[in-house]
2 protein chains.
Amino acid sequence: MIELLIRYIKDKIDNQLTESDVRILSDVFYLKKIRKHQYFIQSGDVCKMAAFVVKGALKKYTIDASGKENILELYIENWWVGDKESFMTGAPTPYNIDAYEDSELLVINKDDFTHKLSKLTFMTELNNVLTERQSFQLMKRLHSSQTFTAEQKVEQLQNTYPEFFQRFPQHMIASYLGMTKETISRIRKNAANK
Amino acid sequence: MIELLIRYIKDKIDNQLTESDVRILSDVFYLKKIRKHQYFIQSGDVCKMAAFVVKGALKKYTIDASGKENILELYIENWWVGDKESFMTGAPTPYNIDAYEDSELLVINKDDFTHKLSKLTFMTELNNVLTERQSFQLMKRLHSSQTFTAEQKVEQLQNTYPEFFQRFPQHMIASYLGMTKETISRIRKNAANK
DNA sequence: GTACAATGTTGATCTAGGTCAATGTTTTTT
DNA sequence: AAAAAACATTGACCTAGATCAACATTGTAC
């Protein structure tokens, strides 16, 4: 399983991984299986793990006063799961993350991250690349959220992450895009007639 | 002027700045004054500068098909200005940035950034801290954008960046929050009667 | 293979916030 | 100090998308 992560990292960084790097990675990451509907973190927890998705599908969301679920992120294979802000600062997370499919995660504890990984240059490089990419994506999502019509949002998602439409039910996609299941249903019906 | 930047950096990083660090900073950053309404970058440009606001106020925005301005970021003293994605990747920016007040910026060119700063550890540290913070903020803004009412959005902004209400006209705040000037006007009138 | 949960569709109705237009106020320019 | 921009307010009306409710379809567990 760790091979998937090694391959992923090699792809993202400029330099090569040494044998020692690979050994450390294999040492600190451990496989955790989580079943459909099981929580990875719950609102109020401090997020003490970060994880790489080897297999499965998960979602990050909040629940509002009226009980409505608001999905912020969807995760499938090769995505990193967790609340980075809580992980880094130790503040309780406002989010829930749970599995939508039975999943396999490569998990690292905060403690190992701090002591065994954070001084490895390839790891800080990876971390920076990912944080930067995340922030670029969020800027685009915020812009779309504020300026696009529901139809444009769906179309954009079909262009950026078409996989999501295969892996998640429509009502979850709708929530991720900040609209209702009825709206996305009508939009897709319409799009089919074009 | 550079002292402001030095002080700012010292505040953000763990280690001390050496004399050599300070010399390099003074060397690569230069002061640029920009007048009200003047562009810092325009949509379609490649962003070849990053800048620290010493004095003034600016905005980042797009213009949609119908001519409506959509503000994505507001900047005042001690904020960093630019399109980081365009700056890092060399892709043309989709955004405009211009001055809302006469402003003074400490500017660094991409070339100097790459060759003279990017190998200094304090600078990569600063860069990472800022990118991370940016991404945390964007996540919160996206969540608010998708789940808050107009009223809640205004209230949240008053708690997070109350300065904005002093520095920018209401119609710009409205655009930043993704609503119209009429809506924010009615909300604030209401809030006053509480 | 029957039952039950999860998912998706469709129509009727509602509403938060947008649009439009007129008017008022404050700031800037000359 | 007058004229012109820029900014803000208010009312009337409109609309994209939400809500509500009923029903259809698909998946899953026993």
Side-chain angles (χ1 to χ4, degrees), chain A residues 35-38 56-59 61 63-71 74 98-102 144-158 164-194, chain B residues 35-38 56-59 61 63-71 74 98-103 144-158 164-193:
Chain A
R35 309 285 288 279
K36 181 163 184 164
H37 296 133
Q38 195 182 329
L58 304 92
K59 63 182 197 286
Y61 60 98
I63 302 285
D64 71 14
S66 73
K68 205 183 83 186
E69 179 178 280
N70 293 300
I71 297 181
L74 295 173
D98 66 24
Y100 174 66
E101 295 176 2
D102 291 347
S144 315
S145 169
Q146 294 199 343
T147 66
F148 281 12
T149 63
E151 191 175 347
Q152 291 172 319
K153 289 175 195 177
V154 173
E155 195 192 333
Q156 177 179 261
L157 187 63
Q158 271 162 340
F164 284 1
F165 290 85
Q166 318 310 318
R167 294 296 284 276
F168 298 102
Q170 237 176 61
H171 70 269
M172 283 176 52
I173 306 266
S175 174
Y176 174 81
L177 291 174
M179 66 188 67
T180 59
K181 59 188 187 343
E182 291 91 342
T183 294
I184 203 176
S185 170
R186 288 186 249 260
I187 285 170
R188 303 204 82 200
K189 185 190 172 187
N190 244 311
N193 300 339
K194 280 188 184 167
Chain B
R35 309 287 287 278
K36 182 164 183 163
H37 295 134
Q38 195 182 327
L58 304 93
K59 63 181 197 287
Y61 60 98
I63 302 283
D64 72 15
S66 73
K68 205 183 81 186
E69 180 178 281
N70 294 299
I71 297 181
L74 295 173
D98 66 23
Y100 174 66
E101 295 174 3
D102 291 348
S103 302
S144 315
S145 169
Q146 293 200 343
T147 67
F148 281 11
T149 62
E151 192 175 346
Q152 291 172 318
K153 288 175 194 176
V154 173
E155 194 192 333
Q156 177 178 261
L157 187 63
Q158 270 161 340
F164 284 1
F165 290 85
Q166 318 309 317
R167 294 296 285 277
F168 298 101
Q170 240 177 60
H171 69 268
M172 283 176 53
I173 306 266
S175 174
Y176 174 80
L177 291 174
M179 65 187 69
T180 60
K181 58 187 186 345
E182 291 91 342
T183 294
I184 202 175
S185 171
R186 288 186 248 260
I187 285 170
R188 303 202 83 200
K189 184 190 173 189
N190 244 311
N193 299 339

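Within every chain, numbering begins at 1; the chains are lettered A, B, ... in the order of the sequence lines, protein sequences first and strands thereafter.
When the side-chain nitrogen and oxygen atoms of B:His171 are compared with OP1 and OP2 of D:dA6, none of them lie within a distance under 4.0 Å. Residue B:Gln170 has no polar side-chain atom (N or O) positioned under 4.0 Å from OP1 or OP2 of D:dA6. A:Thr180 has a side-chain polar atom (N or O) that falls below the 4.0 Å cut-off from OP1 or OP2 of D:dA18.
Closest approach of B:Phe164 to B:Ile173, counting heavy atoms only: O-CD1, 3.4 Å.
Here B:Tyr100 lies in heavy-atom contact (under 4.0 Å) with sugar-phosphate atoms only.
Comparing B:Lys181 and B:Ile184, the nucleotide of DNA chain C nearest to each residue sits closer to the 5' end for B:Ile184.
From the 5' end on, the contacts that DNA chain C makes with chain A at under 4.0 Å to a non-hydrogen atom open and close at C:dT7 to C:dA12.
Closest to the A:Ala150 side chain, of the nucleotides D:dC7, D:dT10, D:dG17, is D:dG17. Side-chain proximity of A:Glu182 to the nucleotides D:dT10, D:dA21, D:dA8 is greatest for D:dA21.
The distance from atom CZ of B:Arg167 to atom P of D:dC7 is 15 Å, rounded to the nearest whole Å. To the nearest angstrom, C1' of D:dC7 lies 14 Å from CD of B:Glu69. For the pair A:Lys189 NZ and D:dG17 C1', the interatomic distance rounds to 16 Å; values are reported in whole Å. Across the protein-nucleic acid pair, A:Phe148 atom CZ and D:dG17 atom P stand 13 Å apart, rounded to whole Å.
When A:Ile184, A:Leu177, A:Ile71 are each tested for a side chain to side chain contact (heavy atoms under 4.5 Å, CB included) with A:Met172, only one passes: A:Ile71.
Proximity of a side-chain donor or acceptor of A:Arg167 to a complementary backbone N or O of A:Gly56 within less than 3.5 Å is detected.
Using the six-membered ring where Trp is involved, B:Phe168 and B:Tyr100 have ring planes that are tilted, between 30° and 60° apart.
With hydrogens and angles left out, the side-chain atoms of B:Glu69 and B:Ser175 include no donor and acceptor closer than 3.5 Å. Side-chain contact of B:Asp98 with B:Tyr61: a donor-acceptor pair under 3.5 Å is present, judged by distance alone.
A:Thr180 places none of its side-chain heavy atoms less than 4.5 Å from the side chain of A:His171.
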